[in-house]
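The model shown is predicted, which means the values in this text are computed figures rather than measured ones.
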Amino acid sequence: MTLTISFEVFPPKTSDGLQALTDTARRLDAVTPAFVSVTYGAGGSDRERSFEAMRAVRAAGSTSIAGHLTCVGQSKRDVLAVIERFQELGVDHVVALRGDPPGGIDAAYEPHPDGYRSTAELVAAIKSSGDVTVSVSAYPERHPQSPTDTHDLDVLAAKIDAGADQAMTQMFFDNDRYFEYRDRVRARGIDVPIVPGIFPIHSFPAVARFAQRCGATIPQRIVDRFSGLDDDLATTHEVAADLAAEQINELRVHGADAVHIYTLNRSELALSVCRRLELVSA
């Protein structure tokens with residue numbers, strides 16, 4: 001089965017970081033990804049950095065770009081202005097997200113008084129703007145603020161009903177959680193692609209903390225693989241690449257034909273995963 005790869009990068013805060021992102025995007029282009037998604041900050045300077053990052057990725061090769069767009073902290077007018085900027089930049093794929101509250105993932109979400117109240121409303125607005133592909137998020141182990149699995153699927157269904165073309169998952173490390181989730185999604189009558197989101201573990205302590213906040217389970221067998229490696233970056237890199245490739249190969253065997261890799265702007269680790277999957281061109 002042919003496997004399609006896409007990557008996520010984030011906007012750097014410095015000009016040196018922007019050049020490094022251009023280099024990263026150029027290296028990732030060797031995989032011929034379906035697209036590279038660029039994360040988004042709603043504030044003025046953060047928003048401009050997102051646009052600069054999109055231009056940098058565009059300059060690095062022929063890769064299609066997906067721009068992230070969130071509801072948090074923005075009026076409907078602000079959102080429409082961003083969609084117009086995307087169109088000017090030639091971006092015709094949007095990753096529509098509610099976004100984390102300013103107080104963090106655990107804080108209560110409060111919509112902007114003049115903004116969209118939900119991701120479903122945001123999706124509908126994006127789709128009404130023209131011929132745009134829209135991706136949304138999905139959560140194999142449930143969004144941290146969803147009270148039940150049923151509620152979580154209701155939210156996903158609303159986004160799909162609003163016009164979303166596919167969903168990309170939050171990171172997960174236990175494929176059984178993804179398979180169970182995919183079965184529940186299909187049983188709910190949702191038939192769009194549910195693309196697995198893969199997070200190579202560049203630093204086990206850092207990723208373990210982040211996973212705990214997001215509610216992502218790390219199986220003991222993975223914990224054991226990283227035991228004693230906190231100060232051994234080279235071996236951590238090799239183990240991380242091996243594990244991510246193993247995870248993707250198992251997903252592939254069970255019907256996944258696309259994966260989205262969260263790179264943290266670390267091209268070498270992402271490429272090491274792709275080399276193990278024999279996806280890197282000359």
Side-chain angles (χ1 to χ4, degrees), residues 1-8 31 33-35 37 66 95-98 105 119 134-160 164-202 204 207-226 239-264 269-270 273-274 276-277 279:
M1 179 183 294
T2 301
L3 183 69
T4 298
I5 300 287
S6 56
F7 298 109
E8 179 180 292
V31 184
F35 62 89
S37 71
V95 181
L97 306 164
R98 191 199 72 179
I105 195 170
T119 311
V134 176
S135 296
V136 293
S137 57
Y139 298 86
E141 297 177 77
R142 194 198 308 168
H143 189 281
Q145 294 183 335
S146 283
T148 65
D149 288 342
T150 298
H151 174 269
D152 203 58
L153 288 181
D154 287 345
V155 172
L156 176 61
K159 294 186 287 191
I160 304 308
D165 300 285
Q166 69 172 15
M168 299 189 296
T169 76
Q170 168 68 276
M171 67 176 184
F172 63 92
F173 303 98
D174 183 344
N175 282 352
D176 287 342
R177 302 295 181 106
Y178 171 80
F179 298 139
E180 292 165 3
Y181 178 73
R182 186 175 61 182
D183 290 345
R184 286 188 280 113
V185 167
R186 298 299 181 233
R188 179 68 169 72
I190 300 169
D191 61 1
V192 302
I194 307 296
V195 179
I198 306 301
F199 200 118
I201 301 175
H202 65 287
F204 184 80
V207 174
R209 288 192 296 271
F210 185 48
Q212 185 175 32
R213 289 176 55 210
C214 298
T217 302
I218 301 181
Q220 186 60 44
R221 62 178 179 78
I222 292 180
V223 176
D224 293 342
R225 292 277 289 272
F226 285 100
V239 171
D242 286 345
L243 283 169
E246 290 166 13
Q247 181 181 12
I248 292 169
N249 275 325
E250 184 182 26
L251 291 165
R252 195 176 187 177
V253 168
H254 288 82
D257 59 4
V259 296
H260 188 62
I261 298 179
Y262 299 106
T263 72
L264 294 183
L269 181 52
V273 175
C274 292
R276 284 159 172 78
L277 298 170
L279 296 174

- Item | From Asp242, Ile248, Asn249, residue fulfilling side chain to side chain contact (heavy atoms under 4.5 Å, CB included) relative to Glu246 |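 So the option named by the test is Asp242.
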Partners passing salt bridge (charged side-chain N to carboxylate O under 4.0 Å, His left out) against [X] (at least two apart in sequence or in another chain):
| X | answer |
| --- | --- |
| Glu250 | none |
| Arg209 | none |
| Asp154 | Arg188 |

Are any side-chain N or O atoms of [X] and backbone N or O atoms of [Y], one a donor and one an acceptor, separated by less than 3.5 Å?
| X | Y | answer |
| --- | --- | --- |
| Thr263 | Glu8 | yes |
| Thr169 | Gly197 | yes |
| Asp152 | Ser146 | no |
| Asp257 | Thr2 | no |

- Message: For Asp191 and Ile160: C-alpha separation, side-chain torsions, deciding distance, then whether side-chain contact (heavy atoms from CB on, under 4.5 Å) applies.
- Response: CA-CA 9 Å; Asp191 61 1; Ile160 304 308; 5.6 Å; no
Side chain to side chain contact (heavy atoms under 4.5 Å, CB included) involving [X] - partner list, sequence neighbours excluded:
| X | answer |
| --- | --- |
| Ala167 | Val136, Ala138, Leu156, Ile194 |
| Gln212 | none |
| Ala241 | Leu269, Ser272, Val273, Arg276 |
| Val155 | His151, Lys159 |

- Query: What pair of heavy atoms forms the shortest contact from Thr119 to Ala96, and how long is it?
  - Reply: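 Here Thr119 and Ala96 meet closest at CG2-O, 3.5 Å.
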- Message: Show the nearest heavy-atom pair for residues Ala256 and Leu3, with the distance to one decimal.
- Response: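 Reported closest heavy-atom pair: O-CD1, 4.0 Å.
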Please examine the side chains of [Y] and [X], heavy atoms only from C-beta on, and report whether any two atoms are closer than 4.5 Å.
| X | Y | answer |
| --- | --- | --- |
| Val223 | Phe204 | yes |
| Leu251 | Ile198 | yes |
| Pro200 | Leu264 | no |
| Ile261 | Phe199 | no |
| Gln170 | Cys214 | yes |

- Between Gln145 and Arg98, is any side-chain donor less than 3.5 angstrom from a side-chain acceptor?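 Side-chain D/A pair, Gln145 to Arg98: present.
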- Message: Give me each pair satisfying salt bridge (charged side-chain N to carboxylate O under 4.0 Å, His left out) with a member in residues 175-184, each pair once, sequence neighbours excluded.
- Response: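 As it turns out, the salt bridge (charged side-chain N to carboxylate O under 4.0 Å, His left out) pairs with a partner in residues 175-184, which skip direct neighbours, are Glu141-Arg177, Asp174-Arg177.
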By ring pair (Phe, Tyr, Trp, His ring centres under 6.0 Å), which residues pair with [X], not counting sequence neighbours?
| X | value |
| --- | --- |
| Phe173 | none |
| Tyr178 | Phe172 |
| Phe210 | none |
| Tyr262 | His260 |

- Message: Let's go through Leu153 and Val185 carefully: what are the C-alpha distance in whole Å and the side-chain angles of both, what is the deciding distance for side-chain contact (heavy atoms from CB on, under 4.5 Å) to 0.1 Å, and is it a yes or a no?
- Response: CA-CA 7 Å; Leu153 288 181; Val185 167; 3.8 Å; yes
- Query: Below 4.0 angstrom, N of the basic side chain to O of the carboxylate: do Asp149 and Arg142 qualify?
  - Reply: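 Yes, charged N to carboxylate O under 4.0 Å.
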